[in-house]
Amino acid sequence: MHDDLDELDELGQGAGMADPHELAESPLDEATEEAQAVASAASALVEQLSLRLKGEYDRRRGQRSEIEKRWRSDIEQYNSQYDAATQAAFKERQFGSQVFVPLTRRICNIVEARWGDLLFPTDDRNFVVQESPIPDLADAEELAKKLPPDAMVDAGGAQVPAGQLIKALRDVREEAKRKAANMQRKVDDQLKEANYPIEARKAIHDAIKLGTGVLKGPFALARRKTVWKYDAAAGRMVRHVIEDVTATVKRVDPWNFYPQLGVSEVDESADFFEKHRMNMAELAALARQPGFDPAAIAAIIEGKVIGTQVRDENLDVQREAAGTVGVDDDRFNLIEYTGPVLTEELRACGCEMADDPLMSYMAVVWFSEFTGHVVKAMLYPVEAGNQRPYRVLNWQRDSSCIFGYGLPYEIRDTQEAANSAFRAAMDNMGLSVGPQLVINDKKIVPANGRWAVEPNKVWRLQDASVPVTNVFAFNQVESRVSELLSVFNAAKALAEEIGGPAMAMQGTEAPSYAQAGATGMAIAYNAANIWMRRAVKNYDDQITVPLVSGFIDWNMEFSDDDDIKGDVNAVARGTSALLEAEGQVQRLQVLMGMSQQAGIPIRKMVNQLRQMALAMRLDPDDLLPNDDEVKQMEEQQAQNGPPPNPELERLKLRQAEMQDAQAQREHEMAMAQQANQIRVAELAAKEKLTIEQVRAKYGIEEMRLAAQVADKREQRAHDARKTNAELAVKATMGSGI
């Protein structure tokens with residue numbers, strides 16, 4: 001402050017200005033000092049926030065060290081690498097195999113492929129958005145159906161006919177279904193723009209390899225989109241760059257994710273830390289994002305450029321496991337904190353906070369891990385319920401921690417057993433290939449001075465009195481390769497059994513299942529599905545439902561389209577429509593045949609076709625009519641009347657066929673009788689007898705009676721079939737029996 005007064009004193013001389021010391025006591029300087037005091041207090045609060053968050057972040061990194069050691073072992077095992085201690089022991093040995101059998105990678109890749117294929121067979125939607133059921137409306141509709149259509153009922157204080165009430169209730173339900181369908185399309189579009197299937201498969205890979213996969217979303221993403229539009233004045237297409245803010249989802253590296261370790265569910269964690277690694281260009285680009293402080297970002301870049309490089313220990317651990325330790329990495333570490341922040345700290349960061357008795361609010365704060373500068377602070381955007389931005393997927397859940405266990409951890413012992421048995425077999429094979437040579441170097445020496453065993457080599461016996469067998473002998477090491485390989489095969493089979501049943505179906509033993517016939521294939525397939533059903537259900541519970549519910553809440557709060565807003569719920573369809581897709585096709589075909597016989601409405605038939613298309617891994621939106629087209633079909637059906645009943649038409653056709661058969665039989669019988677009469681007349685004329693005498697002589701009368709009996713029998717059978725057909729027609733038409 002004294003330097004400022006001296007500067008004012010120099011400026012005031014010769015310029016007719018008042019005494020600067022008098023100016024210091026003016027109201028203007030008092031306001032300046034007050035503003036400076038407020039700014040200083042705000043700066044202190046921001047620094048306090050930065051130190052508190054950085055301290056908590058460092059504490060969680062230390063608490064997670066044991067989990068990260070397990071992850072390091074998982075990565076080494078997945079990459080078919082031994083740990084540092086085992087590699088050092090190998091270097092001290094002059095002989096011995098160092099092979100690592102890559103069973104873990106194979107099993108993990110097969111399980112990952114199966115899991116991803118069940119959830120996203122054609123990158124299709126693995127969820128539906130349905131309207132919430134309203135029991136009161138359903139009960140009211142059931143009661144109204146029991147009354148005559150013109151009966152007056154009480155509907156919210158007004159008397160309306162029961163038929164009109166039923167129609168109104170149905171309209172409410174149809175409106176809710178329509179809004180749910182619109183919300184489903186909206187969420188589906190947002191997830192497709194975010195490349196959700198790709199991000200989900202990355203999280204599945206993490207869950208299998210490390211035991212934990214993390215997806216973040218929905219969160220706001222501000223991006224620049226390039227749009228080409230025709231400019232009539234220019235006569236050509238012109239490029240336009242527009243700013244677009246949308247909800248998105250992305251995979252988060254578990255190494256960069258720090259929730260509270262003392263909870264087992266992600267919703268139980270009060271706050272989260274996420275580390276972002278950025279190069280200088282990416283960090284500078286943040287200055288153009290809404291809410292980021294360009295001055296703080298500039299200070300971080302300047303501090304990193306003129307300061308010493310700080311290495312990321314966690315990243316070095318991963319690089320060491322991958323064999324790339326020691327590479328240069330000059331990226332910046334920004335930490336994103338999501339959790340409660342004190343109200344006064346948010347005000348100090350520039351957030352507009354209303355006077356409220358609450359001491360803290362859910363907020364998002366970005367700060368530098370190295371310099372501590374706070375570059376962004378804002379209130380958490382979604383206010384719906386206890387919503388969290390992160391979704392955690394576990395392969396094997398840990399009841400005491402958010403981070404679970406992966407496949408490498410599950411089969412670690414069997415992988416080590418397989419490695420040990422295979423190395424022992426290789427060592428034994430190397431030792432048993434050639435004999436061990438025992439030489440008394442006091443009694444025998446090589447002629448060429450080299451002690452190695454060579455073809456046609458000459459040895460000099462120093463003492464002729466000693467038999468050569470006493471100074472020169474071969475000892476063969478016994479081969480145990482077959483026994484050791486049997487141990488290896490047992491360890492390999494156990495690893496595959498633990499990693500996943502029916503693993504043989506993925507390899508060379510698959511034809512043995514096919515040779516067993518359809519029954520063997522069905523049994524093996526069902527066993528594999530039972531095992532994978534747990535994984536698919538875990539994904540539905542831990543990712544699909546909370547993630548889609550988060551997008552629904554986001555759109556309810558921020559979307560301007562009121563046509564998607566309603567009381568809707570997210571329903572996962574991984575186990576119902578994807579896992580059982582192969583078996584659903586046959587069941588749906590049977591159901592559709594029965595539905596056609598019953599003559600169900602068009603909308604229900606289209607829904608069945610949609611399920612059929614999904615089961616066949618086809619896109620129903622491209623192949624089947626949408627809701628508006630179905631409505632037009634219903635209106636056209638109402639105008640033209642119901643379509644003919646296929647079953648009734650088949651019954652009519654069968655009845656006509658029976659009538660034709662009866663007419664044909666009567667015609668054949670008449671022709672046979674006429675032929676008999678002609679034959680009798682010919683015999684009578686030839687033998688000069690009467691017709692009665694011919695019939696008595698050749699027994700034609702008995703033949704006629706037998707034919708009449710047979711004809712009556714056929715007539716009775718025909719009448720019975722005709723009666724059954726008529727009864728079936730009456731039952732189908734609803735006229736009774």
Side-chain angles (χ1 to χ4, degrees), residues 66 69-115 205 207-211 317 320-323 395-396 404-437 474-513 524 527-528 531-532:
E66 292 300 321
K69 288 180 181 178
R70 186 181 75 212
W71 288 354
R72 177 177 180 178
S73 299
D74 292 339
I75 294 176
E76 291 173 342
Q77 184 177 333
Y78 182 83
N79 292 336
S80 301
Q81 294 178 344
Y82 289 104
D83 56 49
T86 304
Q87 293 181 12
F90 284 157
K91 291 180 180 179
E92 295 178 358
R93 300 167 51 189
Q94 296 182 352
F95 173 81
S97 174
Q98 301 181 17
V99 66
F100 191 111
V101 184
L103 297 177
T104 300
R105 180 187 291 272
R106 172 178 174 267
I107 294 175
C108 289
N109 289 345
I110 291 175
V111 174
E112 178 184 343
R114 178 64 174 159
W115 200 0
H205 176 78
I208 291 175
K209 187 168 68 172
L210 303 179
V317 168
E320 183 178 352
W395 172 252
Q396 291 290 349
Y405 299 94
L407 254 178
Y409 179 83
E410 282 189 320
I411 62 175
R412 183 158 299 157
D413 292 340
T414 53
Q415 175 71 72
E416 292 178 357
N419 287 340
S420 300
F422 199 81
R423 290 200 313 268
M426 296 299 100
D427 294 345
N428 179 258
M429 183 174 62
L431 292 173
S432 62
V433 167
Q436 298 291 316
L437 179 61
F474 290 96
N475 292 279
Q476 185 69 35
V477 176
E478 186 177 1
S479 175
R480 299 289 184 181
V481 174
S482 60
E483 292 88 341
L484 292 171
L485 287 181
S486 66
V487 175
F488 166 76
N489 290 329
K492 176 176 176 290
L494 186 59
E496 293 180 345
E497 182 64 25
I498 296 174
M503 292 294 294
M505 295 182 65
Q506 313 294 337
T508 58
E509 299 180 22
S512 64
Y513 284 94
W531 176 72
M532 284 304 299

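What you see below is based on every heavy atom in this structure, not just the backbone, and it leaves out hydrogens, waters and symmetry mates.
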> Is a salt bridge present between Glu416 and Arg412, judged by a nitrogen-to-oxygen distance below 4.0 Å?
Replying inline: no
> Shortest non-hydrogen contact from Leu484 to Ala421?
Replying inline: O-CB, 3.9 Å
> Backbone N or O of Arg480 within a donor-acceptor pair of the Asn428 side chain at under 3.5 Å?
Replying inline: yes
> Hey, does Asp427 have a side-chain heavy atom less than 4.5 Å from the side chain of Arg93?
Replying inline: yes
>> Salt bridge check, Glu66 against Arg70: does any charged N sit closer than 4.0 Å to a carboxylate O?
In response: no
> Once you round to the nearest 0.5 Å, how far does CD of Gln81 lie from CZ of Arg72?
Replying inline: 10.0 Å
>> Can you confirm whether Tyr409 is buried at OH, in the sense that more than 12 heavy atoms of other residues, nucleotides or ligands lie under 6.0 Å from that atom?
In response: no
> In Å and rounded to the nearest 0.5 Å, what is the CG to CG distance from Leu407 to Leu210?
Replying inline: 11.5 Å
>> Taking the side chain as everything from C-beta on, heavy atoms only, tell me whether Met426 gets closer than 4.5 Å to Met429.
In response: yes
>> Show the nearest heavy-atom pair for residues Gly406 and Trp395, with the distance to one decimal.
In response: C-CD1, 3.9 Å
>> Using every non-hydrogen atom in the two residues, find where Ala425 and Leu485 come nearest and quote the distance to one decimal.
In response: CB-CD2, 4.0 Å
> What distance do Trp71 atom CH2 and Tyr405 atom OH have between them, rounded to the nearest 0.5 Å?
Replying inline: 12.0 Å
>> So Cys108 and Pro408, do their side chains get closer than 4.5 Å, heavy atoms only?
In response: yes
>> side chain to side chain contact (heavy atoms under 4.5 Å, CB included) for Glu496 and Ile107? Distances and angles first, verdict last.
In response: CA-CA 7 Å; Glu496 293 180 345; Ile107 294 175; 4.0 Å; yes
> Where do Ala418 and Ala491 come nearest, in terms of heavy atoms and distance?
Replying inline: N-CB, 3.7 Å
>> Check whether Glu112 reaches the backbone of Ile208 with its side chain - one donor and one acceptor, N or O, closer than 3.5 Å.
In response: no
> If you round to the nearest 0.5 Å, how far is CD1 of Ile110 from CZ of Arg114?
Replying inline: 12.0 Å
Enumerate donor-acceptor pairs with a distance under 3.5 Å from any side-chain N or O in residues 94-105 to protein atoms, sequence neighbours excluded.
unit_1	atom_1	unit_2	atom_2	d
Ser97	OG	Val99	N	3.3
Thr104	OG1	Gln77	NE2	2.9
Thr104	OG1	Gln415	OE1	2.7
Arg105	NE	Tyr78	O	3.3
Arg105	NH2	Tyr78	O	3.4
Arg105	NH2	Asn79	OD1	3.2

> So does Lys69 pair up with Asp74, basic N to acidic O under 4.0 Å?
Replying inline: no
> Thr86: what forms a side chain to side chain contact (heavy atoms under 4.5 Å, CB included) with it, not counting sequence neighbours?
Replying inline: Tyr82, Asp83, Phe90
>> Under a 3.5 Å distance rule, please check whether Ser420 uses its side chain to pair with a backbone N or O of Ala417 as donor and acceptor.
In response: no
